[in-house]
Amino acid sequence: MRVLCVAEKNSIAKSVASILGGGQVKRRDTKSKYIKNYDFTFDFGGYIGTAQVTMTSVSGHLTEASFPSEYNSWSSVPQDILFDARIVTSVSKNANVLADNIKKEARNATYLYIWTDCDREGEHIGMEITNVAKISNPRIHVIRADFNNLEKRHIIQASKRPRELSKDAADAVSARIELDFRLGAIFTRLQTLQLQRAFEVLQNKVISYGPCQFPTLGFVVDRWQRVEDFVPENFWSLKLVDKRERQTVNFSWKRNRVYDRLAAILFLENCLDAKIAKVVKVNKKPAKRYKPIPLSTVELTKMGPKYLRLSSKKTLELAESLYTNGFVSYPRTETDQFDAGMDLQGIIGKLAPSEDWGTYAQGLLDGNYRTPRKGKHNDRAHPPIHPINLVHRSALSSQDHWKVYELITRRFLACCSENAIGAETIVDLQMGDEFFSQKGLVILERNYLDVYPYDKWTGTGQLPVYQVNEEFIPNVLNITDSVTTSPSYLTEPELISLMDANGIGTDATMADHIEKVQEREYVIKRKKRGAATEFVPSSLGIALAKGYDEIGLEWSLTKPFLRKEMEDQLKNIEKGQLDRDALVQMTLTQFRDVFHLTKQRFDCLKNSCRLYLIELNEG
DNA sequence: GCAAGGTC
């Protein structure tokens, strides 16, 4: 009996082989330097029993979609033909050696045991592997492992309880692949050809459309528009100052601000008439600053730009490099909760010899350890990102590698710590009919803050003593006038939050889309004052967004709704509630209308480009 | 020369 096991990536193949094979695993090289074949014997029990096992892997998707070559010419093929042109699915160039490996290893196997990640893409990759294996062995039996972590007991259990691949999940992915491919090609060709023809400055540019890149651009343009539309407004506020015990206490007005000067004067007069302020409430309560939740990919890609001066893309790349070198766990995960079974203190133990956070880690082991908080996500495939091994900064290839490793490690230690604890005093005053209040915060125990410099919690200090019902005459009582400040342009973490909330891209691809809109010169990253960066749309980016708005589609292509709707429907396919072909046809019908209207009203895009690329640029 | 999603 021979069983061929295939995982989504080498790291899983290696781990699973070492669990199932015990110490008796033989490693064979393949023609790919990333992929190995692992041979061992294992008793699967049940109908398979003891078998000779080869465990190998692919490296993500094996195949890619393309049109037959007669559709290659942009200029001679009308774009709308691509709505129903045949799509050829073939093994992608760099996956050929992997496909050959599977064909060869499948030849003498009775079972093909799929060990891809248990998510939607993993089911599809499983189908791709199946199709390739059946070329050399049409009779091979296909089963699939149901696993969501690499704990020994769990993996052994999964090996004895296979299930079938989910056709529904794979169908959802295949719908996504077809739609993204067709629509990307159709609208990219349309926009590029028409705009290149009309504008000299665009002649060498590809004006791509993508269902993720366009909404990404849209978010940047929306914020830019809000900044453009901003009109400063005057507002007025009451200021009440009390001086006692050599402290100056600024009370803030409960109404915060009013936009009418006369109103402010009336409120002030009401206070002045009362002459004295009365303490109506003194509330002392414990205050807490919660430690962070375990680190997911989305959160990591936000922290890079925010705290490390690295782009989201670069942050993820560095984390991947740390992962392949065995320093941190798998960096592409939605999970922000640790499974109860994980030995977190064991990891802390490995971190304890460090000269950077060793003392802190030892403190956790000596009694300060607290169970991490749980976030709301669990992809049932990977744990939150955490350190695997201690590494010295001199052993890493760059300072940036160290910055990311340090962030992941400090985040992990913070997760295993106690919340920061403080004491808060809130004093409420009444003067006439108006109310004022001030808060004093004293930090009592910093706890996780000691190892986690990315969080700041600054105490405002102790307030002087106030007694309830005490009355006093304020030292200062007057009106302040100010002007509202403009919103700021979108930052990278804000953009990622918007993409995340609207289902644009996946955790691992958001950074790519952000990179892509810059590469296409739709969006420009620029430095704010200080270290931070912000995104502004280019003239071309604005022109595209405005132009599509003008066309008057029900949902503009630069808005996130279309993608969000598609995501929801993919979930329905996954649940078996919607047919794959039905969704594809429905969506293509919808986009045929979008295409014809866009083509018919293409002048909107041209006019918009003329305005933003030429006229406004000349001024 | 087109997309987005895996992965190294």
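Per chain, numbering begins at 1; letters A, B, ... match sequence-line order.
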Between the side chains of A:Ser166 and A:Arg120, does any donor sit under 3.5 Å from an acceptor? no
Could you tell me from which nucleotide to which nucleotide of DNA chain B, 5' to 3', there is an atom under 4.0 Å from chain A heavy atoms? B:dG1 to B:dC8
Touch class at under 4.0 angstrom, heavy-atom based, for A:Tyr209 against every strand present: sugar-phosphate
Which residue lies toward the 5' end of DNA chain B, A:Ile186 or A:Thr63, if each is placed at its nearest nucleotide? A:Ile186
Touch check for A:His124, heavy atoms < 4.0 angstrom, all strands: base, sugar-phosphate only, or nothing? nothing
When we call it a touch if two heavy atoms are under 4.0 Å apart, what does A:Asp512 touch: a base, just sugar-phosphate, or nothing? nothing
For residues 56-81 of chain A, pull every pair meeting ring pair (Phe, Tyr, Trp, His ring centres under 6.0 Å), keeping only residues two or more places apart or in separate chains. A:His61-A:His124, A:Phe67-A:Phe181
Pick base, sugar-phosphate or nothing for A:Thr192, based on heavy-atom distances below 4.0 Å to the nucleic acid. base
Indicate whether any N or O donor in one side chain lies under 3.5 Å from an N or O acceptor in the other, for A:Lys36 and A:Thr30. no
Check the angle between the aromatic planes of A:Phe591 and A:Phe187 and answer parallel, tilted or perpendicular using the 30° and 60° thresholds. perpendicular
Pair A:His386 + A:Phe338: ring centers closer than 6.0 Å: yes
5'-most contact on DNA chain B: A:Tyr330 or A:Gly210, nearest heavy atom basis? A:Gly210
Using a 4.0 Å heavy-atom cut-off across all strands, classify A:Gln196 as base, sugar-phosphate, or nothing. base
Regarding A:Gly122, tell me which of base, sugar-phosphate or nothing describes its non-hydrogen contacts under 4.0 Å with the strands shown. nothing
What nucleic acid atoms does A:Arg182 come within less than 4.0 Å of, heavy atoms only: base, sugar-phosphate, or nothing? nothing
Hey, does A:Thr558 have a side-chain heavy atom less than 4.5 Å from the side chain of A:Leu544? no
